[in-house]
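Not measured: the values here are computed from a predicted model. Just so it is clear, the values below take in all heavy atoms, side chains as well, and ignore hydrogens, waters and symmetry mates. Here is how names work: the chains are called A, B, and so on, in the same order as the sequence lines, proteins then strands, and each is numbered from 1.
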Amino acid sequence: MVKQQISAIVKKAWENCRQSGFLPPDIDVNIIIEIPREEANGDYSTNIAFLLAPKVRKSPTDIAKTLIGNMEFHGVCEKVEVAAKGFINFYVRDDMWRAALQEISDQGLDSLVPDVGEGRKVLIEFVSSNPTGPLHIGHGRGAAVGDVLANIMKRAGYNVVKEYYVNDAGKQIDTLGQSTYARWKELTGDAVPLEEHYYQGDYVKDIASLIVESNVAVPAEKAEAIAFMSKFASDFVLDGIKKDLEDFGVLFDNYFRETRLYESGEVEETLATLKDKGYAYEKDGALWFKTSMFEKDEDRVLIKSDGEKTYFASDIAYHKDKFDRRFDTLIDIWGSDHHGYIPRMRASIEALGRGKDSLKVLLIQFVTLIKDGKPVGMSTRAGQFTTLKEVLNEVGRDAARFFFLMRKSDAHLEFDLDLAKKTTNENPVFYIQYAHARIESIFRVAKDEGIDLASVKTARVDLLTEKDEITLIKGILHFFDVIEGSAKSLEPHRITFYLLDLVGRFHSYYNKTRVIVGDRELTMARLLLLATLQQVIKDALALLGVSAPERM
RNA sequence: GCGCCUGUAGCUCAGCUGGAUAGAGCAACGGACUUCUAAUCCGUAGGCCGCAAGUUCGAAUCUUGCCAGGCGCGCCA
C-alpha cells in the first residue's frame, strides 16, 4: 500500500542515480522506510542517505537531495524534504490515504496482508507440560503466546501446525504413579508413607478416590499397580489439561506422545545415526552426545550407565521427526528456566544436518500474580500453585489471554488479577472491546435512521477531510506492517500494543466528531471509515483470541 | 565461579532490529455528558533510559567493564 509505494519511489530514484553515474552500481544497502516519531517529520522517512554516505564518500545531504531530484512521485507525495542533514521525509497526499481506505474496504483485509511466509511450513511446539499435574499460570502464558503467534503467522502466509509434546514416558510419570498409589493405599486402609519427591497436590488424592469410586480393577502386585496408576493418572491429568486449554481457547492440531518415539524405534534409530556420524561416544558406561562440537556447552548424556535413555535422547528423535514431516522451521516455546537446554538442542539440530536457524526457541518468563497489590505466592513443590483454571475462573478468557500478551515473552509479567476484572478504563481489554461496541452502537443508530449499511462501501471517501480521519486511516493501514513485523520477529505482543494505539485514536475521534450528521453523504463516508476500522479491531482481537462484543 | 534474561516517569511497561526534541497506560492535579455508549475524551505535571567507558554523522538500542534482581549450570525432565 502507501508504504510500498514510498519504498518503490526510493528504489527507483536510487536506480536512476546509478544510471546517471551519481551512485556506483555495486554498492548495496538495506532500504528502511519508517514512520517518524514526530508527525512534523512526515508520514514516512528513510535514512538511506546516511547509509550510502560512507560508502560513496559524499555527504548525506547531497545524496538525499540528488535522490529526491531523481524521484518519480506519481502524485503520492505532496512534499518531500531533506531534514536533519540527511533524512528524507515524505509527506503523503491525503488522497492517497483515502484511496488506501477504499482499497481495504473493497478488497477486504485478508488479501492485503503481506505474504511473508510464502507457504513455508512451521511447527510451533508449546505448552508441552508433563501430564503429572494441572496447568499453572506460566503454562497459560506459554499457551497464549504460542496460540497467538500461530494465528499471526498463519495470517502472514505461513503454513502453521500447533503441537503439544506429551512426555508420557520416564521417571516423572512413574513418580505420578507412585504418588497416586500412596494416596490410593491411604484410602483403602493401610497408609504408605508419602515420600518427599511425590506430587503433593490435592489432584492426586482426587485421582485416587476416583479409582476407588469407579471400582476399576487394580492389579494386586505392587509394581503392576503402580504402572496401572501411572497410566490412569497421566491420562486423567492430560484430559484435564486438554479441557483447560479448550476453555482457554487453545486448540492444538496435534498431541505428540513421547512413547510413540520409543515404540516406533525412532529413538534407537536416531541414536544409531548420531553414533555413525561420530557425534556420540561411550564413556563411563554411558553414551554421550558431542555438544561441544557445535556449541559452547558440555557434552551431554544420551543413555545413562543404567541403560535408561535421557529426556534429551528422545527429544532429539522428536525434533528429527518434526523435520521428517517436512517442516522448514521449528519454533519451540519453553519456560525460561529451560534456557540452559538451548545449546544442546541447537547442537543436536546441527548434528541432524539442519541449519541452526531452523530451530527458534522462545522463552517465556515467569508470571507473578498480583492480588490486592501483593504478589500471590506459588510453589509447585508444595502443591500450592495457582492453576490456569483458577485464573480463568477469576478473570475470564478475554482478559487472561490479553494480559498474557501485554509483555514481551522474555520479560517478567506482573498479572494484576484485580485490574483484569475491572470494567473500567484502567483495564486495556475493556478499552479495546468498548471501542468495538461503540462503533456497533453507531451502526445501530444509523440503521434506526434508515441508513442502509450495506451501501456504505460506495460512499465518497473524498469527504473524509478531518485530520483525525486521516489519522485513523493511517492507523488502519499500520495493521499490515504490524502483522508482518510481529510474524517476522515472533513477537505476538505487538498486536496488543497496536490495538491500544488504534483504539485510542478512535475514542479521541469519537469525542470530537459526530459520525451521524445532517449531511447524508458525509455520514456515509464516516460509516465506511468506521466499518473498516471495526473490521480491523475485530480481526486483531481474533488474532489474540479475544472476543469482540457488539454491546457492552 | 560461568552462562542466559531483565534494569526506561511514583507504579506497570512500549520503543518498529542504530535515527530526529524519550512514549503510553495507571496513579496525581484541572477540565468536558440537552447531541451516535463518560467503560470515553482534553489538558497539566512527571526522565542522569542502572553506572562508566568505547564504536560513529547519530546510542535507550551495538561492544566492554562494573552494580542490582531473576533463572539456569545433573548419567533430572
Side-chain angles (χ1 to χ4, degrees), chain A residues 32 34-38 40-41 45-47 50-51 53-54 59-60 83-87 89 130 132 167 169-173 175 258 283-288 296-298 300-312 314-315 335-343 363 365-366 370 373 406-408 410-414 416 419 422-431 433-435 437-446 448-449 478 481-482 484-486 488-489 491 493-494 496-498 500-501 504 506-517 523 526 530 551-552:
Chain A
I32 293 170
E34 60 181 2
I35 299 173
R37 186 163 39 212
E38 294 291 323
N41 290 327
S45 78
T46 180
N47 62 349
F50 288 109
L51 302 179
S59 84
K85 294 181 191 144
F87 285 102
N89 294 341
N130 292 342
T132 53
N167 299 122
K171 199 189 273 178
Q172 79 285 1
I173 293 289
T175 305
E258 184 184 4
K283 192 184 90 181
D284 304 333
L287 184 71
W288 297 71
K296 220 178 106 185
D297 191 29
E298 288 160 36
R300 304 290 174 174
V301 168
L302 295 165
I303 303 178
K304 298 185 257 177
S305 51
D306 66 2
E308 284 279 310
K309 287 165 191 88
T310 61
Y311 174 84
F312 182 41
S314 54
D315 213 12
S336 64
D337 52 335
H338 287 75
H339 71 256
Y341 192 70
I342 295 177
L363 295 175
Q365 275 284 4
F366 290 117
I370 305 285
M406 283 205 304
R407 302 285 174 262
K408 273 187 299 213
D410 57 0
H412 289 267
L413 170 66
E414 292 210 353
D416 189 329
L419 177 62
K422 275 191 192 163
T423 56
T424 70
N425 55 354
E426 296 160 60
N427 188 336
V429 187
F430 282 86
Y431 184 72
Q433 291 180 320
Y434 182 54
R438 229 179 187 184
I439 294 170
E440 192 61 33
S441 167
I442 295 173
F443 292 160
R444 278 194 295 268
V445 174
D448 286 349
E449 299 201 2
H478 196 44
D481 294 339
V482 171
E484 179 176 347
S486 187
K488 281 183 176 167
S489 63
E491 290 179 349
H493 75 279
R494 293 190 191 194
T496 58
F497 285 92
Y498 165 71
L500 286 168
D501 173 70
F506 164 72
H507 284 309
S508 179
Y509 173 67
Y510 179 91
N511 274 274
K512 226 180 287 179
T513 317
R514 275 193 73 78
V515 174
I516 298 168
V517 289
T523 301
R526 288 179 173 165
L530 291 199
R551 218 183 273 270
M552 287 172 77

N/O (side chain, [X]) to phosphate O (OP1/OP2, [N]) under 4.0 Å:
| X | N | value |
| --- | --- | --- |
| A/Ser489 | B/C16 | no |
| A/His507 | B/A24 | no |
| A/Lys488 | B/U17 | no |
| A/Tyr434 | B/A39 | yes |
| A/Tyr431 | B/C41 | yes |
| A/Arg438 | B/U37 | no |
| A/Lys408 | B/G15 | yes |

What is the distance from [atom1] of [X] to [atom2] of [N], rounded to the nearest Å?
| X | N | atom1 | atom2 | answer |
| --- | --- | --- | --- | --- |
| A/Phe87 | B/A20 | CZ | C1' | 5 Å |
| A/Phe506 | B/A39 | CZ | P | 13 Å |
| A/Arg407 | B/G15 | CZ | P | 11 Å |
| A/His493 | B/C16 | NE2 | P | 9 Å |
| A/Glu34 | B/U61 | CD | P | 17 Å |
| A/Tyr510 | B/C33 | OH | P | 15 Å |
| A/Asn89 | B/G19 | CG | C1' | 11 Å |

Roughly how many Å apart are [M] and [N], using the [atom1] atom of each and rounding to a whole number?
| N | M | atom1 | answer |
| --- | --- | --- | --- |
| B/C16 | B/G23 | P | 13 Å |
| B/G50 | B/G10 | P | 13 Å |
| B/G47 | B/G15 | C1' | 15 Å |
| B/A14 | B/A22 | C1' | 11 Å |
| B/G46 | B/U40 | P | 25 Å |
| B/A52 | B/G30 | C1' | 42 Å |
| B/G18 | B/U6 | P | 15 Å |
| B/U63 | B/C4 | P | 11 Å |

If the plane angle is over 60° it's perpendicular, under 30° parallel, otherwise tilted; pick one for A/Tyr341 and A/Phe312.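 Ring orientation of A/Tyr341 relative to A/Phe312: perpendicular.
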Stem list for RNA chain B, please, built from Watson-Crick and G-U wobble pairs under 3.5 Å and keeping only runs of at least 3.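 Runs of three or more consecutive pairs: B:1-7 with B:67-73, B:10-13 with B:23-26, B:28-32 with B:40-44, B:50-54 with B:62-66.
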Can you find a donor-acceptor pair, distance only, under 3.5 Å between [X] side chain and [N] base?
| X | N | value |
| --- | --- | --- |
| A/His338 | B/G72 | no |
| A/Thr310 | B/A77 | no |
| A/Asp337 | B/G72 | no |

Options [options], nucleotide nearest the side-chain atoms of [X]:
| X | options | value |
| --- | --- | --- |
| A/Val515 | B/C36, B/C4, B/C41 | B/C36 |
| A/Arg300 | B/G74, B/C13, B/A77 | B/G74 |
| A/Lys171 | B/C57, B/C76, B/C4 | B/C76 |
| A/Asp410 | B/C5, B/A77, B/G3 | B/C5 |
| A/Ala411 | B/A14, B/C5, B/G23 | B/A14 |
| A/Phe366 | B/C71, B/A20, B/U37 | B/C71 |

Return the 5'-most residue of the pair A/Pro60, A/Leu413 with respect to RNA chain B, ranking by each residue's nearest nucleotide.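 This one resolves to A/Leu413.
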Where each residue is assigned the nucleotide of RNA chain B containing its nearest heavy atom, which of A/Pro36 and A/Ser336 is assigned the position nearer the 5′ end?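 Its nearest nucleotide lies further toward 5', so the answer is A/Pro36.
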Looking at the angle O4'-C1'-N9-C4 for a purine or O4'-C1'-N1-C2 for a pyrimidine, is B/U17 syn or anti, with syn meaning within 90° of 0?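 It is syn.
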Tell me if B/C33 is syn or anti. Syn = glycosidic torsion within 90° of 0, anti otherwise.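 The base of B/C33 is oriented syn (glycosidic angle within 90° of 0).
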Where [X] and [Y] come nearest, the two heavy atoms and their spacing:
| X | Y | answer |
| --- | --- | --- |
| A/Ala286 | A/Val301 | CB-CG1, 4.4 Å |
| A/Lys408 | A/His493 | CG-CE1, 3.2 Å |
| A/Phe366 | A/Ser336 | CE1-OG, 4.2 Å |

When all nucleic acid strands are considered with a 4.0 Å heavy-atom cut-off, which category describes A/Ser45: base, sugar-phosphate, or nothing?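 The answer is base, as A/Ser45 lies within the cut-off (heavy atoms under 4.0 Å) of a base atom.
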Does A/Ala53 reach a base, just sugar-phosphate, or nothing at all? Heavy atoms under 4.0 Å.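 It contacts nothing in the nucleic acid.
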Compare all side-chain heavy atoms of A/Phe87 with those of A/Asn47 and state whether any distance is below 4.5 angstrom.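 In short, these two side chains touch, coming nearer than 4.5 Å.
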Are any of the side-chain heavy atoms of A/Tyr431 and A/Leu500 separated by less than 4.5 Å?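 The answer is yes, as the side chains (C-beta and beyond) meet within the 4.5 Å cut-off.
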Any side-chain donor-acceptor pair under 3.5 Å between A/Arg494 and A/Ser489?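 The answer is yes; a qualifying pair exists.
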Check this for me, if you would: do A/Asp297 and A/Arg300 make a salt bridge, where the nitrogen-to-carboxylate-oxygen distance has to be below 4.0 angstrom?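 Yes, charged N to carboxylate O under 4.0 Å.
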Start with the C-alpha distance between A/Gln172 and A/Thr132, add both sets of side-chain angles, then the distance that settles side-chain hydrogen bond (donor to acceptor under 3.5 Å, both in side chains), and finish with yes or no. CA-CA 7 Å; A/Gln172 79 285 1; A/Thr132 53; over 6 Å; no
